[in-house]
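Note that these values count all heavy atoms, side chains included, but never hydrogens, waters or copies made by symmetry. So that the names make sense, note that chain A is the first sequence line, chain B the second, and so on, each numbered from 1.
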There are 2 protein chains.
Amino acid sequence: MTPTATATATLSAQSGAEASLAAQIRSAGARATPARIRVLQILRTAPAALTHHDIDLALGTLTLDRVTLYRVLDWLVEAGLAHKSTDARGVFRFSVAAAGEHQAHTHFRCDACGRVFCLDAPPPAPPRLPAGFSLLRIDLDLRGCCADCAVQTA
Amino acid sequence: MTPTATATATLSAQSGAEASLAAQIRSAGARATPARIRVLQILRTAPAALTHHDIDLALGTLTLDRVTLYRVLDWLVEAGLAHKSTDARGVFRFSVAAAGEHQAHTHFRCDACGRVFCLDAPPPAPPRLPAGFSLLRIDLDLRGCCADCAVQTA
DNA sequence: TACTCACTTGCAACCTTGTTGCATGTACAG
DNA sequence: CTGTACATGCAACAAGGTTGCAAGTGAGTA
């Protein structure tokens, strides 16, 4: 780490976390650009699966082109660092991929605020399928009202 | 066009099924229009959940405006006669609603051909939710390879 | 049967989400 | 420091879905 003084100074505040993310990105075989670092950081700290729009807002000062964000997200998914699914509105949502096993996934979507939460629920027992069908993945999609919205309506 | 004679004649062929559908639509509190009858008929005979586009093609001679089809489908869902869900591509798919209880639903989506099948699987046991969350609906989303595609790739 | 009116339909325009092609910029290896 | 392959931004496009409004029609009523 030796380049310009200012760059080092600005980075030093969060250098620990960022350096870790950057290293992870490089080890996946890509360049550690601000866009990728920031998006991965946002996904890491998000309590729920985010839409492209959510992430765009979360970027704050670092404005990325729509297309770039799509490409970053696609790369994250391809690199196995993120998970992509669709919500009930038909919009893609992204969340950090749990290391390794991600065969089963459980989402809770709040009908009131629209947020999607990734739950650590145990995978449900696979049901009996018609003859000839083979199962690769199970997504359990729960809907209802989240704690925050339950408080507000009470 | 001569109204009474020809119209009655053409209808008489399928009058049994159509009259039943029409009655069902009226009992839901709406007018039994050709559009609604036809769409409901298509959904009834479909083995899988259909996209807006699928239904548009299935309409054949009776061409409906895109918007009208969307509105008919939305009405069917609102009336409880159809069920709306999204596939992996983020496109809405429609299927006939099982009479009455539709709290839980199971879909199987084939990754190869993209078709979506509605299964009569028993509702999975609701998992433990974080405090304050309330559950209204469960969708179990299975993915893998359907029987047809398994045969083709074999 | 004829009338009437609210419910439906069709059309046009628009929005959101997501993708593709190409020129420019930049991370990082040498 | 420099060159190059990878990233980014811009513009244009495509599909899916929605909204507003004028015209058409089902079905109850006289």
Please find the earliest and latest nucleotides of DNA chain D, in the 5' to 3' direction, that have an atom within less than 4.0 Å of any heavy atom of chain A.
-> D/dA5 to D/dA11
Residue list, side-chain hydrogen bond (donor to acceptor under 3.5 Å, both in side chains) with B/Thr68, at least two apart or on another chain = none
Which pairs, with at least one residue in residues 50-65 of chain A and sequence neighbours excluded, count as a side-chain hydrogen bond (donor to acceptor under 3.5 Å, both in side chains)?
-> A/Thr51-A/Asp54
Listed partners of B/Ala48 passing side chain to side chain contact (heavy atoms under 4.5 Å, CB included), at least two apart | B/Phe117
A/Leu43 side chain reached by A/Ile55 side chain, heavy atoms, under 4.5 Å | yes
Five-pair end axes of the helix from C/dT1-D/dA30 to C/dG30-D/dC1 and the angle they enclose, rounded to 10° = 20°
Which value, rounded to the nearest 0.5 Å, describes the distance between B/Leu76 atom CG and B/Ser95 atom OG?
-> 11.0 Å
Give a yes or no on whether the backbone of B/Arg31 and the side-chain of B/Arg36 come within a donor-acceptor separation of less than 3.5 Å.
-> yes
CG-CG distance between B/Leu73 and B/Leu81, expressed to the nearest 0.5 angstrom = 11.5 Å
From B/Thr33 OG1 over to B/Trp75 CH2, what is the distance, rounded to the nearest 0.5 angstrom?
-> 8.5 Å
For the student: nearest non-hydrogen atoms of B/Arg93 and B/Ala49, plus distance | NH1-O, 2.9 Å
Sugar-phosphate or base contact per nucleotide [nucleotides 8-20 of chain C; S, B, -; heavy atom under 4.0 Å] | SBBBB----BBBB
What are the two closest non-hydrogen atoms of B/Ala32 and B/Ile25, and how far apart are they?
-> CA-CG2, 4.0 Å
